[in-house]
Amino acid sequence: MDATAARPRPQNQVPEAEYRAMCRDFTAREVAPRWAEADRKAEFPVAYYHAAAAAGLVGITAPEDLGGSALGATEEMICLEETCKVNPNLSVALIVQNIAGSLLHDYGAAQHREIAARNIAGECLLGIAVTEPEAGNDVQNVRTRAVREGDTWVLNGSKAFITLGGIADVLVLLAQTDPAQGRRGMRFFAVDRDSPGLVPKKMPMYANRPSPTYELSLTDVAVPESRRIDAGFSEIMAGFNRERLMVCGRWLGHMQHALAWGVEYAQTRHTFGRPIGANQSIAFQLAQCHLDVEAARRLSYHAAAQWDSGRPLREIIMDVSTAKLYVTQAVVRVTQTALHVGGGWALSEELPAMRRAIDSLVAPVTVGSTEIQLRIIARQMGLPCD
Ligand SMILES: Cc1cc2nc3c(=O)[nH]c(=O)nc-3n(C[C@H](O)[C@H](O)[C@H](O)COP(=O)(O)OP(=O)(O)OC[C@H]3O[C@@H](n4cnc5c(N)ncnc54)[C@H](O)[C@@H]3O)c2cc1C
């Protein structure tokens, strides 16, 4: 992946209002009725993925010959913003499909593109397996080893925090193929989840409960050479930039829901004979959240437009990291404010404030943490930051 090269621009575009309305309609039909039970059981409803695929929301940016919509990062952001206004967690599955699917269709051969096509059609749920117990932000420390034996690669190692890792049909998994080459000696493999030697274990988590995360242990997992994808460290780094845009959409929707809840609560909850929102101390906190939402919206859609412009990654990375940094800090502020405004009742499982506040804690730590975004921005500013 050459960060200085121009990137392809989206082939198609749809009017924003039309696309937003379609996503809203999908969300009301498919997210709203499903997520509470999925959250309670900490289980992903696979029917949600099927419904998203049927609505054209899997493979939004994928080529049309694979069944994709060939739209841009902007439409992807709209989709995630709208779905996450109702619930942030089921839509995580869409982010995973888009990132894993892109590796398959952007860099893969015919057999990988065929998996991507089945994914877009709703026939093959994907997972993306990069993180390891000792390799979180430090992706170059990935230690899962792939050793070639004839036409087969034998994989040994472990992965952590893999969303849908125990239920995805195929895992797009990063491994070391040539440790002497460091980060250049890594490749992705499309690994069938039911491969002998691949054992998933659900991780008990406070956050993202309806899209559970798994540890994966790999012991002598045999993967044919035909399942090796010609993409590795630098391709996933580029992919993380697009994923940062998607999570901006996710958290933008998330914070709007939290703020709307907080405002309604402040209007309807009375103390000392008047609504709590009549107190400036409460009203101003919510007004401050409005600023966070509006700033987050502008930074996010500006960054998505830069992505869709086709300009080289190097020229737009500042916009992407600035949006990711701001939105993921803002969502924590907004959800904490809603929690505070809600008083003791906000801690009830019957109300959404606590769930939103807990889930928002995922934002600053994944897809390149706050510190990683600050480092990227500092370097872009010309600072000699290590
Ligand atoms: C809910 C959830 C779902 C996930 N889903 C997936 C998935 O589907 N697939 C996948 O591959 N991964 C997934 N992840 C992993 C996620 O991307 C990692 O958690 C993330 O990369 C952080 O890794 P870590 O927890 O090991 O933190 P670490 O990298 O250990 O970082 C810990 C702390 O140290 C800081 N830090 C680290 N390095 C530096 C540095 N150089 N300078 C300053 N500070 C630093 C970080 O900012 C952070 O605050 C998921 C994680 C979560 C929580």
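Indexing begins at 1, ligand by ligand and atom by atom, following the structure's order. Residues take their numbers from the sequence shown, with the count starting at 1.
- At the top of the distance list for atom 22 (C) of ligand 1, counting protein heavy atoms only, stands V365 O, 3.4 Å.
- Of the possible polar contacts, one joining the R209 side chain to the D39 backbone as a donor-acceptor pair under 3.5 Å is found.
- Contacts of N137 with ligand 1, taken as heavy-atom pairs under 4.0 Å, involve both backbone and side chain.
- The protein heavy atom nearest to atom 35 (C) of ligand 1 is E371 OE1, 4.4 Å.
- Using a 4.5 Å heavy-atom cutoff, the side chains of N119 and Q97 are in contact.
- Between the side chain of N141 and the main chain of A135, no donor-acceptor pair closer than 3.5 Å is present.
- There is a protein heavy atom closer than 4.0 angstrom to atom 12 (N) of ligand 1.
- Note on ring orientation: taking the six-membered ring where Trp is involved, the planes of Y265 and W261 are parallel (angle under 30°, cut-offs 30° and 60°).
- Here the heavy atom of the protein found nearest to atom 21 (O) of ligand 1 is G136 C, 3.4 Å.
- Counting only heavy atoms of the protein, atom 41 (N) of ligand 1 lies nearest to R375 NH1, 3.8 Å.
- Side-chain polar atoms of D2 and T4 form a donor-acceptor pair below 3.5 angstrom.
- Residue contacts with ligand 1 include T366, since one or more of its heavy atoms lies under 4.0 Å from the ligand.
- Any N or O atom pair closer than 3.5 Å counts here, and M205 shares no such pair with ligand 1.
- In terms of protein heavy atoms, atom 46 (C) of ligand 1 is closest to S369 OG, 3.4 Å.
- For N137 (side chain) and I372 (main-chain N/O), no donor-acceptor pair under 3.5 Å exists by modelled atom type.
- In Q280, the CD atom is not crowded: 12 or fewer heavy atoms of neighbouring residues, nucleotides or ligands sit closer than 6.0 Å.
- What sits closest to atom 2 (C) of ligand 1 on the protein, heavy atoms only, is T213 CG2, 3.9 Å.
- In T131, the parts holding a heavy atom less than 4.0 Å from any atom of ligand 1 are both the side chain and the backbone.
- The backbone N or O of R143 sits less than 3.5 Å from a side-chain atom of E132, completing a donor-acceptor pair.
- Side chain of T337 to main chain of Q285: no donor-acceptor pair is present (N/O by atom type, distance under 3.5 Å, no hydrogens or angles).
- Residue I162 approaches ligand 1 through these ligand atoms, each under 4.0 Å from one of its heavy atoms: 7 (C), 8 (O), 9 (N), 10 (C), 11 (O).
- The protein non-hydrogen atom at the shortest distance from atom 8 (O) of ligand 1 is T163 N, 3.0 Å.
- Ligand 1 has no N or O atom lying under 3.5 Å from any N or O atom of A129, backbone or side chain.
- The closest protein non-hydrogen atom to atom 19 (O) of ligand 1 is F161 CD1, 4.1 Å.
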Start with the C-alpha distance between D292 and Y326, add both sets of side-chain angles, then the distance that settles side chain to side chain donor-acceptor pair (under 3.5 Å), and finish with yes or no.
CA-CA 9 Å; D292 264 336; Y326 189 85; 2.5 Å; yes
